[in-house]
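Note sheet for the following structure.
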Amino acid sequence: MGGESVPLNYIPIAIFAVIALGFGVVSLVAGWIVRPSRPYRAKLLPYESGSPLFMDARVQFPMRYYIIAMLFVVFDIEIVFMFPWAVVFHKLGLLGLIEMGVFIAILVVGFWYVWKKGALEWD
């Protein structure tokens, strides 16, 4: 091992980290100094808008809502995987087409399973 305790390659990274941390701290302190602090009764209520609560915040959502949200995430991720695949499709050839077919088939089977379970029935 060399006599250096810190490799010279890490010094720019450390300088960048110190500048980033300093910028964050200076921004927060400047905002704390400059902003007005005039609390009044309506502002100190749980909802700062001052409008009264009209119902309990602990409302139960139907399970369908979560399943639809999960399906959106799954199909969104599918699209994220399909764009790079489409860009290099000619290089992948038939094997790439088969792999994407298997990937889509797995997603369709999952969608079909959720549909048959009745989680996607529209009232």
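For clarity, every value in this text was computed on a predicted model and none was experimentally measured. The basis for the numbers below is simple: all heavy atoms, side chains too, and nothing from hydrogens, waters or symmetry mates. Residue indices begin at 1 and follow the sequence shown.
F103 and V73 fall within the same hydrophobic cluster, defined by Ile, Leu, Val, Met, Phe, Trp and Tyr side-chain heavy atoms under 4.5 Å apart, directly or through other members. In terms of hydrophobic clustering, with Ile, Leu, Val, Met, Phe, Trp and Tyr side chains grouped at heavy-atom distances under 4.5 Å, V80 and V88 are assigned to different clusters. Hydrophobic cluster membership differs between F72 and V109, with clusters built from Ile, Leu, Val, Met, Phe, Trp and Tyr side chains linked at under 4.5 angstrom. Connection of L95 to L92 is not established within any shared hydrophobic cluster, with ILVMFWY side chains joined at heavy-atom distances below 4.5 Å, either directly or through further cluster members.
No side-chain heavy atom of F16 sits under 4.5 Å from any side-chain heavy atom of P12.
V26 meets the side-chain contact (heavy atoms from CB on, under 4.5 Å) test with no other residue; sequence neighbours excluded. I104 meets the side-chain contact (heavy atoms from CB on, under 4.5 Å) test with E78, M82, M100, V108; sequence neighbours excluded. Taking I19 as the reference, I15 meet the side-chain contact (heavy atoms from CB on, under 4.5 Å) condition, with sequence neighbours excluded. By the side-chain contact (heavy atoms from CB on, under 4.5 Å) test, L28 pairs with no residue at all, sequence neighbours left out.
Ring centroid separation for the pair F81 and W85 does not come in under the 6.0 Å cut-off.
The distance from the CG atom of L107 to the CD1 atom of I77 is 9.5 Å, given to the nearest 0.5 Å.
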